[in-house]
Amino acid sequence: LKTEYFDLVVVGAGPAGSITARTAALAGLDVLLVEKRQEIGDPVRCAEGVSKEGLCRHVSPDSRWISAEVRGSRLFAPNGLCVEMSEEMSGSEVGYVLERKVFDRMLAQEAAKAGAEVRVKTRATGLLMEDGQVRGVRIMHLGETRDIRARVVVGADGVESKIGRWAGIDTTLRPDEIESCAQFLVSNIEVSDYSEFYLGKNVSPSGYVWVFPKGENCANIGIGMLGSSPGRNAVSLLQRFVAKKYPRGKILEMVVGGVPVSGPLESCIRDGLMLVGDAARQSDPLTGGGIINAMDAGKIAGEVAAEAIKTGDTTTESLRRYEERWRAGMGAELQRSLTVKNFFLKLTDNDLNNLASSIQGMDVSKMTLFSLLKALFKANPRLLWEIRGIFKS
Amino acid sequence: MISVNRYKCGYCGACVAVCPVGSLELVESWLEVSDSCKSCGICTGVCPVGALELPVGRRA
């Protein structure tokens with residue numbers, strides 16, 4: 001078997017993997033980024049909404065991969081009551097709506113420009129292990145297998161991640177820890193410059209419907225529901241919503257995917273291995289947003305890989321700095337989102353209507369998602385008593 | 001073994017994430033099911049398009 005040597009091999013060229021590879025290459029590492037698909041960024045499995053502020057931590061906005069800008073969010077209760085929040089205040093999934101096909105390839109190109117080697121249509125088929133340490137990956141490209149030996153492996157292999165499992169990290173999601181999602185790119189419709197979220201069992205039994213503007217009378221209209229929800233599947237519920245609300249809409253694209261809503265793994269590292277992004281279950285359990293968290297974690301993983309390799313210590317002990325740093329950045333928020341998500345799943349449509357009407361007339365337009373929850377709690381202490389813990393800091 | 005309706009499958013990988021025995025693998029645009037599949041059926045409920053089916057006789 002042919003063997004090649006790198007400092008770092010990154011499996012998966014989504015936002016997490018490409019930012020890891022770019023960061024590590026810029027720090028001087030010899031990096032290989034592998035992607036199993038023949039086209040980076042396609043097929044898309046994402047609603048494409050990101051916060052401006054989060055995105056700008058990593059790249060300068062570019063019209064080639066921004067489809068639309070949004071001014072804020074509108075949440076619709078089951079009875080149609082609307083709660084509106086402004087852009088910089090409404091959680092991490094609002095700001096820009098991306099064109100992921102172009103965005104992901106741009107990020108991989110950034111990694112390439114920084115010096116990383118990129119290989120597409122190249123799939124990891126197993127880990128190279130020695131004495132319990134991860135020493136590289138076995139890859140397959142056009143039917144040919146070879147070994148890539150590396151001092152650190154980063155698993156950025158998404159919701160269907162195998163890298164963690166192969167290293168003994170149990171990444172299996174229960175059906176109630178994943179949102180089963182479907183989305184249509186719908187044309188010929190009236191679209192606002194707000195991201196819209198529709199709540200209620202009549203819409204989704206255990207999730208929400210989103211409408212994200214994509215420019216030129218188009219929108220990403222999608223639905224998420226827990227994998228544990230019985231009955232109709234995501235596509236059929238979405239067809240019902242779109243047919244009813246946008247009878248004249250024309251569907252230009254169909255997207256399906258699974259979003260981890262489990263909250264993060266207990267441990268994302270092993271000797272010689274780090275998991276980033278959806279593979280580490282770093283997506284937000286409440287909103288489902290994952291791009292910015294993936295990029296934030298990727299940056300940290302790239303930096304920690306460079307430090308570890310320079311000191312010659314790539315054991316769990318050394319990689320723990322990755323774990324500590326990403327959890328310090330987003331750990332508390334992911335935990336809070338998990339608590340709120342689990343609680344909101346128990347609410348009835350009537351509860352949601354009452355919550356929405358309890359703050360009508362109140363100016364919530366400048367509120368963050370967290371302060372909106374606080375205002376809701378103040379107005380509905382009995383209903384929301386169970387989540388009082390999230391307001392203690 | 002679970003059967004995959006290839007005319008429905010959107011190759012998103014949601015099923016791979018919930019398989020308790022690691023029998024599913026998403027290879028670009030198709031889903032591979034290995035012999036280790038126990039026909040537990042967990043993946044069938046997660047599929048956004050209903051492309052996965054238990055063999056006749058194992059259905060709930």
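Here is the naming used below: chain letters follow the sequence lines, and residue numbers restart at 1 for every chain.
- Of all non-hydrogen atoms in Gln38(A) and Glu28(B), the two that sit nearest each other are N-OE2, 3.1 Å.
- Atom NZ of Lys250(A) is surrounded by 12 or fewer heavy atoms from other residues, nucleotides or ligands within 6.0 Å.
- Highest contact tally toward chain B, considering only Gly257(A), Gly158(A), Pro260(A), is held by Gly257(A) [criterion: heavy-atom pairs under 4.5 Å].
- Only the side chain of Met254(A) comes within contact range of chain B, with at least one heavy atom under 4.5 Å from a heavy atom of that chain.
- For Gly258(A) against Ala14(B), the heavy-atom pair with the smallest separation is CA-CB, 3.8 Å.
- With sequence neighbours left out, the side chain to side chain donor-acceptor pair (under 3.5 Å) criterion links Glu253(A) to Lys101(A).
- Contact count versus chain B (heavy atoms, under 4.5 Å) is highest, among Gly224(A), Cys181(A), Ala182(A), for Cys181(A).
- Residues of residues 230-241 of chain A lying under 4.5 angstrom from chain B, judged on non-hydrogen atoms, are Asn233(A), Ala234(A), Val235(A) in numerical order.
- There is no contact between Glu177(A) and chain B, counting heavy-atom distances below 4.5 Å.
- Take Trp166(A) and apply the side chain to side chain donor-acceptor pair (under 3.5 Å) test, not counting sequence neighbours, and it matches no residue.
- When all heavy atoms of Ala17(B) and Ile178(A) are compared, the closest pair comes out as CB-CD1, 4.1 Å.
- In this structure, the portion of Cys47(B) lying under 4.5 Å from any heavy atom of chain A is its backbone and not its side chain.
- Considering all non-hydrogen atoms of both residues, Gly13(B) and Arg45(A) come closest at N-NH1, 4.4 Å.
- Between the side chain of Lys162(A) and the backbone N or O of Val16(B) there is no donor-acceptor pair closer than 3.5 Å.
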Does the pair Thr125(A) and Glu25(B) meet the rule for a side-chain contact (heavy atoms from CB on, under 4.5 Å), with working shown?
CA-CA 10 Å; Thr125(A) 59; Glu25(B) 168 87 3; over 6 Å; no
Worked verdict on Glu160(A) versus Leu24(B) for side-chain contact (heavy atoms from CB on, under 4.5 Å):
CA-CA 9 Å; Glu160(A) 75 263 39; Leu24(B) 300 173; over 6 Å; no
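- Nearest heavy-atom pair across Ile42(B) and Pro175(A) is CG2-CG, 3.5 Å.
- Applying the side-chain hydrogen bond (donor to acceptor under 3.5 Å, both in side chains) test to pairs two or more places apart or on separate chains, those with a residue in residues 221-231 of chain A are Ser206(A)-Ser229(A).
- Atom CG of residue Leu26(B) and atom CZ of residue Arg37(A) lie 7.5 Å apart, to the nearest 0.5 angstrom.
- Of the atoms belonging to Arg165(A), it is side-chain heavy atoms, and not backbone ones, that fall under 4.5 Å from chain B.
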